[in-house]
Visitor: 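Could you have a look at this structure, given as structure tokens, before my questions?
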Amino acid sequence: MDKLQRTEFKTEKIKVNNIFTSHSLKEYNSIPFESRKIKEVYGDNIRFPKPPEDRPYVFASFVTSIDGKLAYVDEPSAFYVAAKNILAGDGSMADFWLLNALRGVCDASIIGGNSLHTDEDYSMHIYDEDIEKDRIKHGLPQIPLNIVISLDATDIPLEHKIFKDERIPTIIATSPAGLEHIEKNMKQDYVVLGPYVTLDEVENNKEEILNKLIDFQNTIVPVVITGEGGFPNASLLMKILREIGVVRLLIESPGYGNYLIKQKIMDELFLNLSCVYIGGGDTMTLGKGDKGFLSTYHPHTEVLSIHSHSPHFFFLRHRLIYDVSEK
């Protein structure tokens, strides 16, 4: 079996400078683990507040252009928004490192089915071995739980290596319509949980959930079915993840990230700003395929911290604020 992909992250090249920290962030006192590498590059451990009791603490990581674009017209991968910033030097490497640091401190990470099409070896493991060693040292699994999310599973390449690699704990989360597609097309061994439509059904099936989702053999893919028709239920999925010990959840899917914001489930956004301008209405943005918020109601954010790698690349951490009364 091929070795997991790794990247050598040299501290002196990717180190970022903290130029702002909010009072709110100073009060965060939950540190998943001590990491010398994270402190050397980021200036401090990545801290979190106390998580909710009924779901994980949810945060996303994306890189955007200065006009909020996630990709170029000719390159659909978000990787290039950072990589094609010629003036930023190692800023793109710092961007990729932060994603891996967040993978290091999370219990599970979510990606959309479409993203698996971009790389046949894609998996949400930790490319920085220093952080991985710190994670293992403090009793966390080597690799966070990989969750592939989809409305109806038709966008998931079911033959992808992520479902066959015994080292990578992977589950699929989809709807009843998605299960129908999987039953017809999935050749890999899988086990079905659900469908769960109500919170009571999740509560009444805790034993099944724990038995099938904790210490499962990675050659058998659990398929978690929530919701009705072609629409999985995010709140029920979050409840299930919390039941199996997922305290911190990283979102790497822009589409699902936007959906969670609409559901008031997203807690934070790590938005890395690559100082390039892309423009155009035919390029990807957060929530491009969805309706925007109205002037009468829209989420706000508090900037928790700002880091800079150079005048061409910045790293912002936002806390989402949903209930704001107009003054």
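Just so it is clear, the model here is predicted, and its values are computed rather than measured.
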Visitor: Applying side chain to side chain contact (heavy atoms under 4.5 Å, CB included) to I136 and E132, what does each step give before you reach the verdict?
Guide: CA-CA 6 Å; I136 295 171; E132 182 184 78; 4.0 Å; yes
Visitor: Are E75 and K84 ion-paired here, with the side-chain N under 4.0 Å from a carboxylate O?
Guide: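 A salt bridge is absent here (no side-chain N lies under 4.0 Å from a carboxylate O).
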Visitor: Does R36, at its CZ atom, have more than 12 non-hydrogen atoms belonging to other residues, nucleotides or ligands within less than 6.0 Å?
Guide: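 No, not enclosed.
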Visitor: Quick one, I209 and Y196 - any side-chain contact, counting heavy atoms below 4.5 Å?
Guide: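 Of all side-chain heavy-atom pairs linking Y196 with I209, at least one is under 4.5 Å.
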Visitor: Please lay out, stage by stage, how S24 and E302 fare under the test side chain to side chain donor-acceptor pair (under 3.5 Å).
Guide: CA-CA 9 Å; S24 298; E302 173 191 3; 2.8 Å; yes
Visitor: Would you compute the distance between atom CG of L213 and atom CG of L145 and round it to the nearest 0.5 angstrom?
Guide: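 Output value for this atom pair is 8.0 Å.
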Visitor: Taking C-beta and beyond as the side chain, do D44 and T21 meet within less than 4.5 Å on heavy atoms?
Guide: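 No, their side chains stay 4.5 Å or more apart.
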Visitor: Can you check side chain to side chain contact (heavy atoms under 4.5 Å, CB included) on E252 and L102, steps first, answer last?
Guide: CA-CA 10 Å; E252 299 188 30; L102 294 175; over 6 Å; no
Visitor: Looking at every non-hydrogen atom in both residues, tell me the closest pair between F313 and A88 and how far apart they are.
Guide: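 Closest pair (atom of F313, atom of A88, distance): CD1-CB, 3.7 Å.
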Visitor: Is the closest side-chain heavy-atom distance between E34 and K39 below 4.5 Å?
Guide: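 In short, these two side chains touch, coming nearer than 4.5 Å.
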Visitor: Atom OG1 in T170, atom CD1 in I220: separation rounded to 0.5 Å?
Guide: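 Interatomic distance, T170 OG1 to I220 CD1, rounded to 0.5 Å: 13.5 Å.
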Visitor: Taking everything shown except M284 itself, do over 12 heavy atoms lie less than 6.0 Å from its CE?
Guide: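 At most 12 heavy atoms, drawn from other residues, nucleotides or ligands, come within 6.0 Å of this atom.
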Visitor: Where the side chain of R242 meets the backbone of P52, is there a donor-acceptor pair that is under 3.5 Å apart?
Guide: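 Yes.
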Visitor: Please determine whether the number of non-hydrogen atoms from other residues, nucleotides or ligands lying under 6.0 Å from atom CE of M266 exceeds 12.
Guide: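 Above 12, so yes.
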Visitor: Using only heavy-atom distances, determine whether the side chains of S123 and H125 contain a donor-acceptor pair under 3.5 Å.
Guide: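 Short answer, yes.
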Visitor: Would you name the heavy atoms of E40 and T11 that are closest together and state the gap between them?
Guide: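 Answer, listing the atom of E40 first, then T11: OE1-OG1, 3.7 Å.
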Visitor: Y127 and ring-ring contact (aromatic ring centres under 6.0 Å, His included): which single residue from W97, Y122, F96 fits?
Guide: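 Exactly one option meets the ring-ring contact (aromatic ring centres under 6.0 Å, His included) with Y127, and it is F96.
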Visitor: Identify the two heavy atoms, one from V247 and one from P51, that lie closest to each other, and give their separation to 0.1 Å.
Guide: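 Smallest heavy-atom distance, with atoms named: CG1-CG, 3.5 Å.
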Visitor: K288 versus L70: any side-chain heavy-atom pair under 4.5 Å?
Guide: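 A side-chain contact under 4.5 Å is absent here.
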Visitor: How many angstroms lie between NE2 in H23 and CG in L25, if you round to the nearest 0.5 Å?
Guide: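 Output value for this atom pair is 11.5 Å.
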Visitor: Can you tell me if S310 uses its side chain to pair, donor with acceptor, with the backbone of H312 under 3.5 Å?
Guide: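 Pair found, side chain donor or acceptor close to backbone of H312.
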Visitor: Roughly how far, to the nearest 0.5 Å, is CD1 of I147 from OG of S253?
Guide: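 If I round to the nearest 0.5 Å, the distance is 12.0 Å.
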Visitor: On a heavy-atom basis, which atom in A71 and which in S77 lie closest, and how many Å separate them?
Guide: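 Minimum heavy-atom contact is CB-O, 4.3 Å.
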Visitor: I'd like to check L193 versus N205 (side-chain heavy atoms, cut-off strictly below 4.5 Å). Are they in contact?
Guide: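 No, side chains not in contact.
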Visitor: Sub-3.5 Å donor-acceptor pair from the side chain of R317 to the main-chain atoms of S305, do we have one?
Guide: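 No, because the side chain of R317 does not come within donor-acceptor range (under 3.5 Å) of the backbone of S305.
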Visitor: Do L236 and I110 sit in one hydrophobic cluster, given that two such residues count as connected whenever their side-chain heavy atoms are within less than 4.5 Å of each other, even indirectly?
Guide: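 As far as the 4.5 Å side-chain criterion goes, I110 and L236 are connected within one cluster.
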Visitor: Which heavy atom in L316 sits nearest to a heavy atom in L273, and how many Å separate them?
Guide: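 In terms of heavy atoms, the two residues are closest at CD1-CB, 4.2 Å.
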Visitor: Do F79 and D119 touch side chain to side chain, with heavy atoms closer than 4.5 Å?
Guide: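 The answer is no; the side chains never approach within 4.5 Å.
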Visitor: Are any side-chain N or O atoms of H181 and backbone N or O atoms of A177, one a donor and one an acceptor, separated by less than 3.5 Å?
Guide: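 Side chain of H181 to backbone of A177, a donor-acceptor pair under 3.5 Å: no, none is there.
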Visitor: Give a yes or no on whether I149 and I261 share a hydrophobic cluster (residues Ile, Leu, Val, Met, Phe, Trp, Tyr; joining criterion: side-chain heavy atoms under 4.5 Å apart).
Guide: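 Yes, one cluster joins them.
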Visitor: Is a donor on one side and an acceptor on the other found under 3.5 Å between the side chain of R47 and the backbone of E27?
Guide: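 Checking the backbone N and O of E27 against the side chain of R47, no donor-acceptor pair under 3.5 Å is found.
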Visitor: Surrounding OH of Y28 (heavy atoms of other residues, nucleotides or ligands, distance under 6.0 Å), is the total greater than 12?
Guide: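 Yes, because the 6.0 Å sphere around OH of Y28 holds more than 12 heavy atoms from other groups.
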Visitor: Do I251 and L271 belong to the same hydrophobic cluster, where Ile, Leu, Val, Met, Phe, Trp and Tyr are linked whenever their side-chain heavy atoms lie under 4.5 Å apart, directly or via other members?
Guide: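 The answer is yes; both residues are in one hydrophobic cluster.
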Visitor: If I compare all heavy atoms of I126 with all of Q142, which pair ends up nearest, and what's the gap?
Guide: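 Smallest heavy-atom distance, with atoms named: CD1-O, 3.7 Å.
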Visitor: Hey, what do you get for CD (E201) to NZ (K206), rounding to the nearest 0.5 Å?
Guide: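 One gets 14.5 Å once the value is rounded to the nearest 0.5 Å.
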Visitor: Say whether N100 and D128, considering side chains only, have a donor N or O and an acceptor N or O under 3.5 Å apart.
Guide: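 Absent: no donor and acceptor within the cut-off.
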Visitor: How long is the straight-line distance from CD of Q188 back to NZ of K164, given to the nearest 0.5 Å?
Guide: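 Answer for the NZ-CD pair, K164 versus Q188, is 6.5 Å.
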Visitor: Salt bridge check: are D121 and K161 linked by an N-O gap of less than 4.0 Å?
Guide: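 So D121 pairs with K161 through a salt bridge.
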Visitor: Just wondering, are more than 12 heavy atoms of other shown residues or ligands nearer than 6.0 Å to CD in E12?
Guide: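 Yes, CD of E12 has more than 12 neighbouring heavy atoms, counting only those of other groups under 6.0 Å.
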Visitor: For N85 and S92, what are the C-alpha separation, side-chain angles and deciding distance, and is it a side chain to side chain contact (heavy atoms under 4.5 Å, CB included)?
Guide: CA-CA 7 Å; N85 186 339; S92 62; over 6 Å; no
Visitor: For the residue pair F163 and H160, does the interplanar ring angle fall in the parallel (under 30°), tilted (30 to 60°) or perpendicular (over 60°) class?
Guide: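 The rings of F163 and H160 stand perpendicular, inter-plane angle above 60°.
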Visitor: Check whether any side-chain N or O of T174 sits under 3.5 Å from a backbone N or O of S150 as a donor-acceptor pair, and report yes or no.
Guide: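 Looks like yes, one N/O pair under 3.5 Å.
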Visitor: Quick one: do D323 and K264 make a salt bridge, cutoff under 4.0 Å?
Guide: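 The answer is yes: the pair qualifies as a salt bridge.
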Visitor: Test your reading of the model: is there a side-chain donor-acceptor pair from K69 to the backbone of V276, 3.5 Å cut-off?
Guide: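 No: the side chain of K69 does not pair with the backbone of V276.
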Visitor: Could you check whether any side-chain heavy atom of P222 comes within less than 4.5 Å of a side-chain heavy atom of K212, counting everything from C-beta outward?
Guide: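 They are not in contact (no side-chain heavy atoms under 4.5 Å apart), so the answer is no.
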Visitor: Check the angle between the aromatic planes of Y57 and F59 and answer parallel, tilted or perpendicular using the 30° and 60° thresholds.
Guide: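 Because their plane-to-plane angle lies in the 30° to 60° range, the rings of Y57 and F59 count as tilted.
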Visitor: Hey, does the Lys NZ or Arg CZ of K37 hover above the aromatic six-ring of Y42, less than 6.0 Å from the centre and inside 45° of the axis?
Guide: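 Output no; distance or angle outside limits.
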Visitor: Kindly say whether V105 contributes a backbone atom to a donor-acceptor pair with the side chain of R248 at under 3.5 angstrom?
Guide: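 Yes; at least one donor-acceptor contact below 3.5 Å.
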Visitor: Is K184 salt-bridged to E180, going by a charged N under 4.0 Å from an acidic O?
Guide: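 No, K184 and E180 are not salt-bridged.
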Visitor: Please evaluate residues T198 and N233 with respect to the criterion side chain to side chain contact (heavy atoms under 4.5 Å, CB included), reporting the C-alpha separation (whole Å), side-chain torsions for both, the decisive distance (0.1 Å), and the verdict.
Guide: CA-CA 9 Å; T198 67; N233 185 305; over 6 Å; no
Visitor: Is there a path of hydrophobic side-chain contacts, each under 4.5 Å between heavy atoms of I, L, V, M, F, W or Y residues, that connects V16 with V81?
Guide: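 Same cluster.
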Visitor: Are the side chains of N146 and I111 in touch, meaning some heavy atoms are under 4.5 Å apart?
Guide: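 No, too far: nothing below the 4.5 Å cut-off.
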Visitor: Quick check: is L241 connected to I214 through a chain of hydrophobic side chains (ILVMFWY, heavy atoms under 4.5 Å apart)?
Guide: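 Same cluster.
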Visitor: Quick check: are there more than 12 heavy atoms from other residues, nucleotides or ligands sitting under 6.0 Å from NZ of K133?
Guide: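 Counting other residues, nucleotides and ligands, NZ of K133 stays at 12 neighbours or fewer.
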Visitor: Regarding S65 and D67, do their side chains bring together a donor and an acceptor under 3.5 Å, going by distance alone?
Guide: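 The answer is yes; a qualifying pair exists.
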Visitor: Counting only N and O atoms by type, is there a donor-acceptor contact under 3.5 Å from the side chain of Y297 to the main-chain atoms of Y322?
Guide: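 Yes; at least one donor-acceptor contact below 3.5 Å.
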